[in-house]
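Below: the structure, in structure tokens.
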Amino acid sequence: PRKPFIAKVGRETAGRKGKAVTTVFDTELDEAALQSLATVLKQKCGTGGTVKEGRIEIQGEQRDRVIVELQKLGYQVKRVGG
């Protein structure tokens, strides 16, 4: 039996002129499922975002809110970084 995957939620500022972006990665979802999940997270956070290279990027410091929403959807979540 496979272990359930753990979605990782982190924060990045590199290459964004100091602006924070919340990232969700290591989800093992296909592109369509990532797009769908990104849409839900953007609506819940009330902000913009995108899907790039298998990662969901949500504008701003939204880690706490994203973690709560992912847990409501049944994902196991791990907070990564500071």
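We count residues from 1, following the sequence as given. All of these numbers come straight from a predicted model, not from anything done at the bench.
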Heavy atoms only: give me the nearest Gln71-Val77 pair and the separation to one decimal.
CG-CG2, 4.0 Å
Pairs of donor and acceptor atoms involving the side chains of residues 43-59, under 3.5 Å and at least two apart or interchain, shall be tabulated with distances.
{"unit_1": "Arg55", "atom_1": "NH2", "unit_2": "Glu12", "atom_2": "OE2", "d": "2.6"}
{"unit_1": "Glu57", "atom_1": "OE1", "unit_2": "Arg16", "atom_2": "NH2", "d": "3.4"}
{"unit_1": "Glu57", "atom_1": "OE2", "unit_2": "Arg16", "atom_2": "NH2", "d": "3.1"}

With Lys72 via side-chain contact (heavy atoms from CB on, under 4.5 Å) - residues at least two apart
Val68, Glu69
One should read off an interatomic distance between Leu29 CG and Gln35 CD, to the nearest 0.5 angstrom, of 11.5 Å
What about Tyr75 and Val24, same hydrophobic cluster or not, with Ile/Leu/Val/Met/Phe/Trp/Tyr joined at side-chain heavy-atom distances under 4.5 Å?
yes
Kindly indicate, with the supporting measurements, whether the criterion side-chain contact (heavy atoms from CB on, under 4.5 Å) is fulfilled by Asp26 and Val80.
CA-CA 11 Å; Asp26 287 351; Val80 178; over 6 Å; no
Is a donor on one side and an acceptor on the other found under 3.5 Å between the side chain of Ser36 and the backbone of Ala32?
no
Let me confirm one number: the OG1-CG distance from Thr39 to Leu34, rounded to the nearest 0.5 Å.
10.5 Å
Any chain of hydrophobic side-chain contacts (each under 4.5 Å) joining Val9 to Leu41?
yes
Which heavy atom in Thr22 sits nearest to a heavy atom in Arg63, and how many Å separate them?
OG1-N, 3.6 Å
Nearest heavy-atom approach of Thr13 to Ala20 is CG2-CA, 3.8 Å
With sequence neighbours excluded, residues passing salt bridge (Lys or Arg N to Asp or Glu O under 4.0 Å) with Lys19:
none
May I have the step-by-step check of side-chain contact (heavy atoms from CB on, under 4.5 Å) for Asp64 and Arg79, ending in yes or no?
CA-CA 9 Å; Asp64 295 332; Arg79 187 180 184 120; 2.6 Å; yes
